[in-house]
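To start, the structure itself, in structure tokens.
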Amino acid sequence: MAVSKTTYFIKKIKNTFNKWTLATASIILVLCLPLLAILLGLLKGVGNTWDHIQKYLLLEYISNSIYLIIGTGILSSLIGVSSAWCVATYNFKFRAYIKWLLYLPLAIPSYIMAYAYVGFFEFEGTFDKITLNTTSGLDIMNIWGLIFILSISLYPYVYGSSWVMFTSLGKKLWESTSLSGITQNNYFFSIALPLTLPAIFGGLFLVFMEVLNDYGAAKYFGINTFTTGIFRTWTALEDINSSIFLAAILVVVIVIIQMINSLFRGKKSYSINDISPNSQNVRKNIKGIHQLLVLTICLLPVVTGFIIPLLQLLKWSMLHVSSQLDLFFLYLSLNSILLAFFTSLLIILVALLLVFLPRWSKNTYMKFLTNFSTVGYSIPGAVIGITLIAASGYFVNYFDYIFNLKIGKYIFSGLALLIFAYLFRFISVAYNPLEANTLRISPSIPESSYLLGKSKFFTLFKVEIPLLKSSIISSFLILFIDLMKELPLTLILKPYNIQTLAIKAFEYADDERITEAALPSVILILIITTIILFLSKYSKVKAY
Amino acid sequence: MELELVDISKTYNNNVCAIKSLNYTLDKSAICGIVGDSGCGKTTLLRIIAGLETPDNGIIKVNNNIVYDGWINVAPEKRQIGMVFQGNALFPHMTVKKNITFGLEKESLNSVNKLIELFSLEDKINRYPHELSSGQMQRVAIARTLAVQPKILLLDEPFSNLDLIAKSKLRTEIKKIAKILSITVFIVTHDIFDALDICDEIIFINNGELIETCNSSDVKNLSDIKLKSYLKNMTDQAKRFISIIE
Amino acid sequence: MNKYLVILLMVIFYLQCTNSPNDSSLTIYTHRHYDVDKEIFANFEKEMGIKINVVNASADELIQRIESEGDQTPADLLITVDAGRLVRAKEKNLFQSFNSSMIDSTIPANLKDSENQWVGITKRARVIVYSKERVDPSELTSYEDLTDSKWKNRILVRSSGNIYNQSLMSSLISANGEENAMNWAKEITNNFAREPKGNDRDQVKAILAKEGDIAIVNTYYIGRLLNSDDELERRAGNAVNVFFPNQADRGTHINISGIGIIKNSKKVELATLFIEYLLSKDVQEQFATANYEYPINSNASSASVLEEWGDFKEDTLPLQRLGELNKEAVMVFDRAGWP
């Protein structure tokens with residue numbers, strides 16, 4: 001009996017540690033390195049200015065960040081949910097276009113939005129001229145202004161996720177509830193909203209992460225947040241230990257929120273499978289004053305979140321266009337596009353491996369562990385950048401010490417570190433939708449392929465990837481947009497001959513030459529706008 | 001020996017026992033029915049034979065070769081066992097022809113022409129799965145599996161989604177093909193009459209345990225009393241029904 | 001086949017971006033991202049036949065980077081926009097000393113490191129600008145005087161996270177002691193016209209918008225506003241005059257943009273040559289005219305706008321002190337509640 005127990009145990013181990021498990025484990029380990037490096041900060045403890053931080057700063061950092069999260073959360077969900085509801089339930093003029101225009105604020109980096117709005121509302125600025133100098137400008141450089149800026153630039157995350165859910169609720173649900181005498185309004189509050197809540201929270205979570213990641217806008221507005229605090233501790237108080245400690249606290253809090261979120265979603269996940277075209281919502285036709293109202297609800301976010309800032313930037317860029325615009329901008333654009341393109345491709349590949357390797361390994365622990373390799377999105381980019389610089393220094397020195405090889409040249413003046421950082425930060429952007437969509441493929445489909453004698457990789461390329469095509473394309477485009485806008489990682493980790501539009505815009509803005517920053521921003525925005533409109537062609541049902 | 005299962009057990013993580021020490025041997029090629037209520041472990045057994053699930057214990061031999069014994073674990077793609085899943089699992093993005101030739105090295109249509117003909121799919125080869133009826137989809141799925149010439153064919157509830165006419169047509173075709181290709185077929189079904197109609201041998205499974213094996217020609221010699229009364233009950237109902245329509 | 005092509009392209013793209021620096025090149029990590037710097041670097045490349053690679057980022061990030069890169073750093077030179085960061089780099093042992101008779105003879109001692117580890121390349125003064133309409137310049141005397149109640153709700157300044165404010169505070173600590181500097185910071189916050197926010201330009205624009213009457217800003221921003229393409233910015237520039245404070249005592253607070261040679265650089269001679277080039281009269285005048293900074297080489301002449309403001313007495317505090325006191329300055333800001 002004892003013998004059979006032992007063999008049983010050994011067999012169990014052998015089945016657990018197959019080659020796919022090892023492959024999964026090594027990818028997860030590599031992807032978790034930055035996370036480990038940050039969390040090591042918790043063990044290292046605080047630096048010598050910690051008492052000072054606690055006494056004078058911490059409370060303000062925390063409370064400002066909480067105000068920002070709550071304020072932006074409320075405002076962005078109001079905008080996002082109301083516009084998504086209108087687009088999903090009503091038929092009105094230009095609906096087909098507005099549906100996609102509502103995504104456009106994503107094209108404008110939030111700190112550029114902040115600069116543009118300060119310019120728009122400044123004394124004798126555009127707003128002042130429109131109102132015939134009756135206002136002497138509007139001071140938006142305060143926490144309310146920051147909430148406004150962040151909300152109008154981030155609401156598309158909420159809009160996207162709730163729109164998909166509203167659309168997929170299906171007409172059967174609406175018909176069966178309307179038979180029981182529920183009005184449209186009651187339907188929204190008692191049926192549609194509760195069903196959509198998990199999706200709204202999913203979108204809101206992304207908004208929160210972006211709020212915590214924001215550095216430029218908060219700094220410009222003079223609002224001290226947790227993230228600006230991490231920087232103040234590092235740069236001004238010269239205490240990198242306390243700074244990494246603060247970052248690690250933030251990461252722990254975020255991971256906990258993420259787990260609660262996934263627990264909440266796990267318990268309350270209403271899967272709505274029926275998304276074939278004929279089961280979608282029947283949209284109500286509306287006319288007159290109602291149509292006007294709905295148009296206002298849907299166009300207001302587009303006007304404030306895209307058109308006004310773009311016009312302001314265009315106005316500024318006109319001042320310099322003749323002297324500034326040259327071939328260098330073409331080179332710059334190509335550089336940004338190529339970098340974003342290839343990195344997105346790489347991230348998609350790794351995300352696919354991360355989706356499929358744990359499945360192949362049949363090891364449930366691996367599935368759990370992948371959660372950790374996708375938290376990068378919730379860590380402020382600059383924190384990742386600094387940690388990676390420090391960690392790579394150790395790595396290179398260690399390599400030199402052990403193998404006597406000087407690899408610094410390839411790490412420090414190459415793209416490797418930057419691309420790895422991108423991978424760590426943005427993998428979840430591709431992983432989450434791919435994982436969700438893979439769940440919708442019946443397991444018997446790849447299994448049929450294995451039983452027909454085909455390998456796992458053959459099946460991946462011939463069966464699973466073609467079936468995931470539309471979600472791969474949409475994740476690719478979203479990654480592309482994120483990477484085009486990315487600032488802190490690129491700034492900190494780029495090698496010397498890489499220049500991107502986002503960096504160029506930042507350099508001018510940092511140098512207080514906002515009018516000069518406008519041209520690269522406008523080019524960046526136009527490229528991203530093109531991508532979003534392209535995205536509209538490819539993802540019919542699922543946009544986020 | 002075609003297939004030998006020795007002391008197969010499988011318990012899922014939530015401690016639900018799917019298969020309990022199951023022993024079974026099939027000497028020569030035959031059509032073999034696996035009958036039992038839903039959730040009794042029939043599908044798990046097929047998946048274990050195919051290699052899609054790993055048993056906790058036991059040995060599996062195909063044609064006297066061990067494909068699983070705890071140390072050896074031949075991957076499903078190398079076991080040469082074909083399986084048609086419940087709900088057919090056709091590749092939705094490929095045409096019928098692409099589906100059927102998927103498992104072949106090159107698109108050698110010649111070798112599958114016979115199959116296409118056998119299942120009378122000649123005029124459907126350029127259609128996509130969603131353009132077919134469920135009977136046609138089931139036949140494409142079987143043809144796709146047979147194209148790679150497996151040693152054993154496993155069918156999981158092949159008749160479940162079909163109307164009566166399609167069902168009887170498919171039964172005839174399966175019988176014919178098993179004879180032509182002289183291949184061993186395992187059919188999982190919850191419907192005893194399907195099994196009685198086409199199977200040479202029937203295995204009864206209840207709660208993951210093999211309770212009875214018998215030749216389909218001598219069902220009346222079944223030893224299990226419960227099973228016997230069940231069968232009698234069903235037959236009586238059928239007789240009453242027949243008397244009504246006549 | 002397509003996927004191999006894509007992988008091939010990725011590899012080529014990567015290699016393309018990894019052409020490592022060679023002997024006849026200099027790699028410069030710089031916090032300055034002015035267009036004029038790029039022109040000057042390009043001229044140097046042309047004249048000397050030496051390739052210049054530039055990495056732009058903030059000084060803190062660059063210092064962290066050089067520190068981590070250790071003896072395998074590709075960097076030869078570090079340029080910052082304030083003295084404090086140069087001192088920090090020196091404290092972290094990232095610089096090496098360099099000798100140049102040209103630098104010895106042209107640059108005053110307070111504008112360079114005592115051990116020749118760094119030297120200033122341009123100079124800016126942190127001055128008070130006042131509304132031409134609403135302020136009589138005779139009311140203004142010194143930074144210290146700004147705590148006077150007559151300035152209640154009239155002073156505009158950016159937040160304390162900004163290095164120029166930190167340097168000013170360091171100079172005040174050095175001149176008056178920490179206790180007095182602390183009181184100064186507390187009292188001046190009572191006179192603020194609004195919460196500190198925005199950048200230096202926004203403070204001047206706020207004077208035009210009558211939000212406040214005086215602002216503490218760096219000189220070159222005024223020069224830029226006066227020469228802006230934007231009409232509103234020109235008006236903001238014209239609405240104010242520059243006042244150099246503390247002319248009766250220690251002089252107006254100045255700071256520098258400076259440069260040092262990285263310790264692990266093997267190209268000291270080339271790097272020294274480059275620094276001398278930046279300090280040569282012509283290049284100094286180029287900096288001055290394009291960016292409205294004060295030249296550090298006394299032979300070079302300032303931009304015409306700067307000339308109009310006239311000469312002023314500079315605080316001769318060795319700039320090294322600014323770096324040494326920076327952290328203390330930040331803590332004073334925090335304690336005083338200057339956000």
Side-chain angles (χ1 to χ4, degrees), chain A residues 49 52 56-57 60 118 122-125 136-137 139 141-142 219-222 224 228 232 234-238 240 316 319-320 338 342 345-346 385-386 389-390 392-394 396-397 400 406-410 412-416 491-492 494-498 503 507-508 510-513 515, chain C residues 3 6 9-10 13-14 17-21 27 33-34 53-58 60-61 64-65 67-74 88 158-161 163 166 194-202 205-206 208-211 221 224 228-230 232-233 235 326-327 330-331 334-335 337 339:
Chain A
T49 61
H52 174 83
Y56 298 104
L57 306 171
E60 191 195 357
V118 170
E122 75 187 350
F123 172 67
E124 299 203 352
S136 79
D139 183 11
M141 280 200 268
N142 50 47
K219 190 184 166 205
Y220 182 51
F221 279 21
N224 292 317
T228 62
R232 192 187 176 90
W234 171 46
T235 61
L237 291 172
E238 304 173 33
I240 193 159
W316 277 334
L319 296 171
H320 307 283
L338 279 179
F342 286 119
L345 213 61
L346 179 78
I386 297 304
I389 281 186
S392 68
Y394 283 118
V396 167
N397 283 335
D400 187 15
K406 304 236 180 249
I407 55 165
K409 199 164 87 173
Y410 303 100
F412 301 138
S413 11
L415 272 172
L491 196 63
I492 300 172
K494 76 185 156 62
Y496 51 78
N497 41 11
I498 279 288
I503 292 229
E507 284 176 5
Y508 281 124
D510 188 47
D511 194 20
E512 305 195 9
R513 293 157 79 175
T515 56
Chain C
K3 58 189 175 218
V6 169
L9 279 173
M10 281 171 87
F13 182 68
Y14 182 75
C17 298
T18 321
N19 49 0
S20 52
T27 301
H33 12 252
Y34 309 121
N53 304 312
V54 180
V55 176
N56 276 315
S58 84
D60 296 298
E61 288 155 2
Q64 180 72 46
R65 204 163 147 166
E67 207 183 353
S68 306
E69 288 168 355
D71 60 349
Q72 296 184 49
T73 181
R88 192 179 300 174
R158 69 196 295 178
S159 68
S160 65
I163 182 66
Q166 291 166 12
R194 59 177 192 185
E195 284 283 289
K197 58 188 157 189
N199 50 36
D200 276 9
R201 278 186 196 213
D202 292 321
K205 283 182 180 175
L208 178 68
K210 300 193 173 80
E211 281 192 65
Y221 291 117
R224 287 214 212 132
S228 172
D229 290 324
D230 188 28
L232 190 67
E233 293 205 329
R235 280 182 50 206
N326 195 275
K327 186 169 162 183
V330 176
M331 292 172 123
D334 288 338
R335 286 206 295 273

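Residue numbers begin at 1 in each chain, while the letters A, B, ... track the order of the sequences.
- With a 4.5 angstrom heavy-atom cutoff, A:Tyr56 touches chain C only via side-chain atoms.
- In this structure, the portions of A:Tyr220 lying under 4.5 Å from any heavy atom of chain C include both its backbone and its side chain.
- Heavy-atom contacts from other residues, nucleotides or ligands closer than 6.0 Å to NZ of A:Lys219 number 12 or fewer.
- Shown here for A:Phe221 and A:Val118, the closest heavy-atom pair between the two residues is CE1-CG2, 3.6 Å.
- C:Ser228 does not touch chain A: none of its heavy atoms, backbone or side chain, sits under 4.5 Å away.
- Looking at A:Leu57, only its side chain comes within 4.5 Å of chain C, counting heavy atoms on both sides.
- Across all their heavy atoms, C:Gln166 and C:Gly161 have their closest contact at NE2-O, 3.2 Å.
- Note: C:Gln72 leads C:Gln72, C:Lys327, C:Lys210, C:Gln64 in heavy-atom pairs under 4.5 Å with chain A.
- With a 4.5 Å cut-off on non-hydrogen atoms, C:Tyr221 touches chain A through its side chain but not through its backbone.
- For C:Leu232, the part lying near chain A is the side chain, with the backbone staying farther off; criterion is any non-hydrogen pair under 4.5 Å.
- Proximity to chain C (any heavy atom under 4.5 Å) is restricted, for A:Ile240, to the side chain, taken from C-beta onward.
- Looking at A:Ser392, there are no atoms closer than 4.5 Å to chain C (heavy atoms on both sides), in backbone or side chain.
- A heavy-atom distance below 4.5 Å is not found between the side chains of C:Asn56 and A:Ile503.
- Chosen from A:Glu512, A:His52, A:Arg513, the residue pairing most often with chain C at heavy-atom distances under 4.5 Å is A:Glu512.
- Proximity to chain A is absent for every atom of C:Glu195, based on heavy atoms less than 4.5 angstrom apart.
- Heavy atoms closer than 4.5 Å to chain A are found nowhere in C:Glu67, neither backbone nor side chain.
- By the 4.5 Å heavy-atom criterion applied to side chains, A:Leu415 and A:Pro495 are counted as neighbours.
- Heavy-atom minimum distance, C:Asp229 versus A:Leu319: O-CD2, 3.5 Å.
- Ionic pairing of C:Arg158 and C:Asp202 is not present here: no N-O contact between side-chain nitrogen and carboxylate oxygen is shorter than 4.0 angstrom.
- Looking at C:Pro339, the atoms closer than 4.5 Å to chain A (heavy atoms on both sides) sit in the backbone and in the side chain alike.
- Interface summary for chain C: among A:His320, A:Glu60, A:Met141, the most heavy-atom pairs under 4.5 angstrom belong to A:Met141.
- Salt bridge annotation for C:Arg201-A:Glu122: absent, with no cationic side-chain nitrogen under 4.0 angstrom from a carboxylate oxygen.
- Salt-bridge annotation for C:Arg224 and C:Asp200: absent, with no side-chain N of the basic residue lying under 4.0 Å from a carboxylate O of the acidic one.
- Contact of A:Asn224 with chain C is made through the side chain alone, with heavy-atom distances under 4.5 Å.
- A donor-acceptor pair under 3.5 Å is absent between the side-chain atoms of C:Glu61 and the main chain of A:Ile386, judged by distance alone.
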